[in-house]
Colleague: 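Structure incoming, see below.
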Amino acid sequence: MASSQILILASYVIIEAIRTRFFWVMIILLLIGMGSTLFIGSITLIETQAIQSSWLAAFLRLAAVYIVSLFVITSMVREFHEHSIYLWLSLPMRRSTYLLGKLSGFMMVALLTAILYGVSLLKYVSWEVVSIWTFSLGCELFIVSAASLLCVLTFPQTIQAFSMVLGFYVLSRSITAMQLMIQGPLWQNVYNWTDFIVNQLVDLLARFLPPLSQFTESEWLVYATGNLENLWIIIVQTAIYVTLLVAMSLFDWYRKNL
Amino acid sequence: MVVRKVSDNEKESEFMNNPQRSLRSVPRMVIILLIASFSGQMFWFQYFLPPSAQVQPLRSPPSVSTLRLLSLGDTIVTAKILMLWLQSFDNQNGQFLSYQQLNYTALRQWLERIIQLDPRSQYPLLVASHVYSNVTDPVKMTQMLELVYEQFLLEPNSRWPWLAQATLLAKHRLKNLPLALKYARSIAKHATPGMTKIPTWAREMQLFILEDLGEFEQAQLIIGGMLTNEQVTDLNEIKFLNQKLQELAAKSMASEGK
């Protein structure tokens, strides 16, 4: 019963994505990315393919994160504003089923986005490397979808929720670089109590955030360094973090007085 | 007179087919304001915002840690984008700067940062040895050649072509034979047989420079070493080295006779 309800809710999310022209935006962003890649190819002296593939991959990754998170947030905000959420909850359906159904739909949309963007890279890179990159992008988008859902449940306004997701994404992507910075010789030489607090804070953040800089690396495309070992780490990290985000969302969702 | 009652369905269908009202429904003041503001923008752009012709100097780059932080964990793409930006820095606002006008100390720092972000890229060393070394100022040219030399020492197997080019530039363009000999010797020193991809011709560059310097005996010693250590296996190569040995012996005798 619950699984069929989840499937129905997920299918409604995909229908919503089609009706709100989500996939058109995705294709337009893809065309912009490919156009800029052609331009970049015309100004390079060597390593043209490497530069083109890394640029397109970085552009598409950011574009995917942008549209998927905005889609999740606007879809949920619309549910709240149009009160359709009350209609769903008036049916014999548990709150967790509703949340998991919506999240499954968002993840399907994220997967479709990752596959389409991955396929566009086949022009520059071999399919083996692209498969690893696409899989990793899918995992990254799963985390972003779950984080967006949590943020929109906590802050049911588009601007607040999107700002939170943006902050989460930027921090998760740069936390490894921040850790490297505080371990550098400059920090080791001048070490006082404020440095200690900052150090501990960064360390604490690093424990709470997924190290997204290890996901969807351009290096895999440029130097073909991606392998199954990278994927295992990403799969385990995604499973743990998505579960954590879902648990946090459920906690918030069950406490919501609707 | 027959008045047809418009049903709600018909109204909705009319709205869906033509969701916009007629142009007449826009107040005249709004149209005037639209035309005036558009003309104002065109006028402002034409007469008060001429493109700035001021050339921006190349400033020193931020630290590699800062660049890593700004790259959101994707240093390869950042390195590629920075490289293309640096390459097009001499073309500002439609003006082409000569390399002579560039700050080579900052340029060298930028190239070093790009290599630190993406150590496997050959692009920075290509531009250092083939593009930015095309200056008449010997100090600036030496700065680029020294960058190539220092980077070669870190990764000789993949960076030897750029040092070979630097050797030729030092010898023919800079006419600095001791500098050329330093580079050629470095190539030969790191070209341990079986451990490197550096070809024999690159290892033999030092012979010609020693010959130009009049160091015939030293050149003979090096050839002798190469032949006895079986560093050269190609028969044509061995024949060539034997001929060279005889030529050098003759030149040495002639110079002693003088």
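Computed from a predicted model, the values in this text were never measured in an experiment. Only this structure's heavy atoms are used, side chains among them; waters, hydrogens and symmetry mates stay out. Below, read A as the first sequence line, B as the second, and so on, with proteins coming before strands; counting in each chain starts at 1.
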Colleague: Can you say whether A:Thr48 sits under 4.5 Å from chain B via the side chain, the backbone, both, or neither, judging by heavy atoms?
Modeller: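 Answer is neither: A:Thr48 stays 4.5 Å or more from chain B.
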Colleague: Checking B:Val131 against chain A: side chain, backbone, both or neither under 4.5 Å from a heavy atom?
Modeller: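 Side chain only.
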Colleague: Please classify the contact of B:Ser88 with chain A as side chain, backbone, both or neither, using a heavy-atom distance under 4.5 Å.
Modeller: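 Contact with chain A involves no heavy atom of B:Ser88 at all.
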Colleague: Please tell me whether B:Ser63 and B:Thr66 have a donor and an acceptor in their side chains that are separated by less than 3.5 angstrom.
Modeller: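 There is such a pair between these side chains.
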Colleague: Between A:Arg173 and B:Asp74, is there a salt bridge with N-O shorter than 4.0 Å?
Modeller: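 So B:Asp74 does not pair with A:Arg173 through a salt bridge.
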Colleague: Measuring heavy-atom distances to chain B, does A:Thr176 have an atom under 4.5 Å in its side chain, in its backbone, in both, or in neither?
Modeller: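 Neither part.
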Colleague: Return the option, out of A:Thr216, A:Thr44, A:Val170, with the maximum number of heavy-atom pairs under 4.5 Å with chain B.
Modeller: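 Winner by heavy-atom pair count: A:Thr44.
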Colleague: If we only count heavy atoms from C-beta on, is the B:Gln87 to B:Tyr123 side-chain gap below 4.5 Å?
Modeller: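 Yes; the side chains approach each other to less than 4.5 Å.
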Colleague: Assert yes or no for the condition that the ring centre distance of B:Trp110 to B:Trp85 is strictly below 6.0 Å.
Modeller: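 B:Trp110 vs B:Trp85: aromatic centres under 6.0 Å.
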Colleague: Counting only heavy atoms closer than 4.5 Å, note whether B:Leu84 contacts chain A via side chain, backbone, both or neither.
Modeller: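 Looking at B:Leu84, just its side chain touches chain A.
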Colleague: At a heavy-atom separation under 4.5 Å, does B:Leu72 approach chain A through its side chain, its backbone, both, or neither?
Modeller: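 Both backbone and side chain.
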Colleague: A:Tyr223 ring centre to B:Arg120 NZ or CZ under 6.0 Å, with the angle to the axis within 45°?
Modeller: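 Judged by the rule, B:Arg120 and A:Tyr223 form a cation-pi pair.
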Colleague: Flag this pair as yes if the NZ/CZ of B:Lys182 is under 6.0 angstrom from the six-membered ring centre of B:Tyr149 and inside a 45 degree cone about the axis; otherwise no.
Modeller: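 Satisfied, under 6.0 Å and within 45°.
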